[in-house]
Amino acid sequence: TLKVEDVCFGDPTITDLQKQPYIIISEQINLKALKEEAIKNGLPEEIVSRIKATSPHKEKAVVLTKLFKMKEPKGEERVYAVKVTENTTIRAPWDIGISKYPLSVFSWERRDNLIYGDSEITYLIPNQIAINRMITASVWSAMTTGMPLMLVNGDAVNGEITNDPGQIIKVYGSSDEVSSAVKFVTPPDFSKGYNDAVSILISNTLTQCGANDAALGDVNPDNTSAIIELREAAALPLALQKNRYFRFIEDIALIWAEFFMKMYGKRSLKISDENGVWYIPFDSQRYKNLVLNVKATAIEEANSGQSEGLSILSQLFQKGAITAKQYISRLPKGMIPDARALMSELEGE
């Protein structure tokens, strides 16, 4: 994962990443490792010695990697890269071997004609400021009501005044002077519905963000259908973000697939499934011109809780719909001591 401040696009107004004229990625690399990489790339010693730390307090140097596309004689577009420091080329331009930039962008909120998006909290900052101010005012009101400001007539009170409860204050003078020697400043009346307004603002902010009770798991419905309905309602505010995330995953899958098709060569691919582990031969040359298409989907399961799941599992076993082995293998881990030995005994019967 790259930080947004470490990626510079050639033309930020182009929202399609693959149409960018170039992309520059900034990173800090340990000076020793960087020099070793330069020597590995065939740079002479006098050039390697030019590599210096960017900051005198850190043994690291800022390295810029530029990605750009060039057309081959056959018309195919290829991605090239060059790696440099402030005054040295660590690696001359080389062909990465693929035609797509090996990057994918996910933006929480899109901005018109700008590849850099907005984060989730950009539009929540004013709400958060208002909530903080309201809570601060509520706390201040409670403090000034319980511990109001005290006005003391210095001519009538000669002793030290503290906020200790039960303190005896000696006052000298007439009755009028005594009654006016110490007074409390009465704080302004606080609206009874003020705290309710704070709660409503917080609740509305969370709801509009999709972080409602159903999404946070703070509901306890009686059946699975109710859970599904609540989850669907909770997902509506985040539908656009979810679709953008799916496209983000699809882009990553296409990049991986291109690496497989163009750079894997001849090798055996390891497959793990219910039949065990097995290998199939793979030749990337057979698929290098294959047109790839990817579709990302997600299956949402109704998380009705462990107790309800155990109840359904027990009912299936009692009705004979599943065997004892199937029942035990699906119980939560640790519920039955030495469950593997018990399953082995059942298999031996």
Side-chain angles (χ1 to χ4, degrees), residues 1-3 6-10 14 16-30 32-45 47-48 51 61 63-85 88-106 115 244-298:
T1 302
L2 297 173
K3 295 182 179 179
D6 293 334
V7 181
C8 177
F9 296 101
I14 299 176
D16 188 346
L17 183 143
Q18 297 302 329
K19 294 181 179 179
Q20 287 290 330
Y22 63 85
I23 302 172
I24 298 177
I25 301 172
S26 173
E27 58 182 333
Q28 288 194 23
I29 299 180
N30 181 272
K32 182 180 178 181
L34 192 60
K35 289 184 176 182
E36 291 176 353
E37 182 181 352
I39 294 173
K40 185 179 179 181
N41 292 333
L43 269 67
E45 187 64 32
I47 295 180
V48 174
I51 303 174
V63 180
L64 302 179
T65 302
K66 180 180 180 181
L67 304 174
F68 58 96
K69 293 184 178 182
M70 293 181 62
K71 281 193 175 182
E72 298 293 307
K74 295 182 180 180
E76 181 185 7
E77 211 170 33
R78 306 277 284 190
V79 176
Y80 283 75
V82 60
K83 200 170 187 178
V84 301
T85 60
T88 309
T89 300
I90 302 299
R91 186 174 180 181
W94 80 94
D95 183 1
I96 292 181
I98 58 176
S99 60
K100 289 179 174 291
Y101 286 125
L103 297 171
S104 182
V105 175
F106 171 69
I115 193 169
R244 280 199 287 270
Y245 181 72
F246 285 167
R247 286 194 289 271
F248 170 72
I249 297 299
E250 291 167 2
D251 290 340
I252 294 176
L254 287 173
I255 293 169
W256 285 349
E258 190 176 20
F259 273 110
F260 296 156
M261 301 303 144
K262 295 186 177 179
M263 303 184 66
Y264 255 44
K266 291 184 178 181
R267 65 175 69 193
S268 295
L269 296 183
K270 182 179 178 180
I271 307 296
S272 299
D273 57 16
E274 64 276 4
N275 298 320
V277 178
W278 48 288
Y279 295 84
I280 60 171
F282 177 80
D283 185 358
S284 64
Q285 290 298 316
R286 296 180 56 188
Y287 308 101
K288 65 178 183 178
N289 296 321
L290 188 67
V291 177
L292 301 173
N293 186 29
V294 177
K295 181 65 176 177
T297 58

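Atoms considered below: every heavy atom in the structure, side chains included; atoms not considered: hydrogens, waters and symmetry mates.
Remark: P281 engages no residue in a side chain to side chain contact (heavy atoms under 4.5 Å, CB included) (not counting sequence neighbours). Every residue meeting the salt bridge (charged side-chain N to carboxylate O under 4.0 Å, His left out) condition with D95, not counting sequence neighbours, appears here in chain and number order: R78. Partners of V105 under the side chain to side chain contact (heavy atoms under 4.5 Å, CB included) rule, at least two apart in sequence or in another chain, are F9, L17, S107. Judged as a side chain to side chain contact (heavy atoms under 4.5 Å, CB included), and not counting sequence neighbours, the contacts of E77 are K69, K71.
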N/O donor to acceptor pairs below 3.5 angstrom from side-chain atoms of residues 20-29, sequence neighbours left out:
| unit_1 | atom_1 | unit_2 | atom_2 | d |
| --- | --- | --- | --- | --- |
| Q20 | OE1 | G10 | N | 3.3 |
| Q20 | OE1 | D11 | N | 2.8 |
| Q20 | NE2 | D11 | O | 2.8 |
| Q20 | NE2 | I14 | O | 2.8 |

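Identified under the salt bridge (Lys or Arg N to Asp or Glu O under 4.0 Å) test for residues 262-271, with sequence neighbours left out: E76-K262, E258-K262.
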Evaluate the side-chain contact (heavy atoms from CB on, under 4.5 Å) criterion for residues L67 and I96: first the C-alpha distance (whole Å), next the side-chain angles of each, then the deciding distance (0.1 Å), finally the verdict. CA-CA 9 Å; L67 304 174; I96 292 181; 3.7 Å; yes
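Shown here is W94, whose CH2 atom has more than 12 heavy atoms of other residues, nucleotides or ligands within 6.0 Å.
Here the straight-line distance linking atom CD1 of I255 with atom OG of S104 works out to 5.5 Å at 0.5 Å rounding. Note that the NZ atom of K66 and the SG atom of C8 stand 10.0 Å from one another [nearest 0.5 Å]. Taken to the nearest 0.5 Å, the CG atom of D6 stands 11.0 Å off from the OG1 atom of T65. The distance from atom CG of N30 to atom NZ of K35, rounded to the nearest 0.5 Å, is 10.5 Å.
Scanning all heavy atoms of the two residues, the minimum distance from V79 to Y101 falls at CG2-N, 3.9 Å. Of all heavy-atom pairs spanning F68 and P93, the tightest one is CZ-CB, 4.2 Å.
Taking 4.5 Å as the limit, some side-chain heavy atom of I51 sits within range of a side-chain heavy atom of I90. Between L2 and L103 the shortest side-chain heavy-atom distance falls below 4.5 Å. Under the 4.5 Å side-chain criterion, counting only non-hydrogen atoms from C-beta, N293 is not in contact with L254. Contact annotation: the side chain of F282 approaches that of Y264 to within less than 4.5 Å [non-hydrogen atoms, C-beta and beyond].
Checked by atom type and distance alone, the side chain of N41 never pairs as donor or acceptor with a backbone atom of L43 at under 3.5 Å. Looking at T85, its side chain does come within 3.5 Å of a backbone N or O of T88 through a donor-acceptor pair.
Ring-plane geometry between F106 and Y245 is classed as perpendicular, the angle between the planes exceeding 60 degrees on a 0 to 90 degree scale with a lower cut at 30.
Ionic pairing of E37 and K83 is present here: one or more N-O contacts between side-chain nitrogen and carboxylate oxygen are shorter than 4.0 angstrom.
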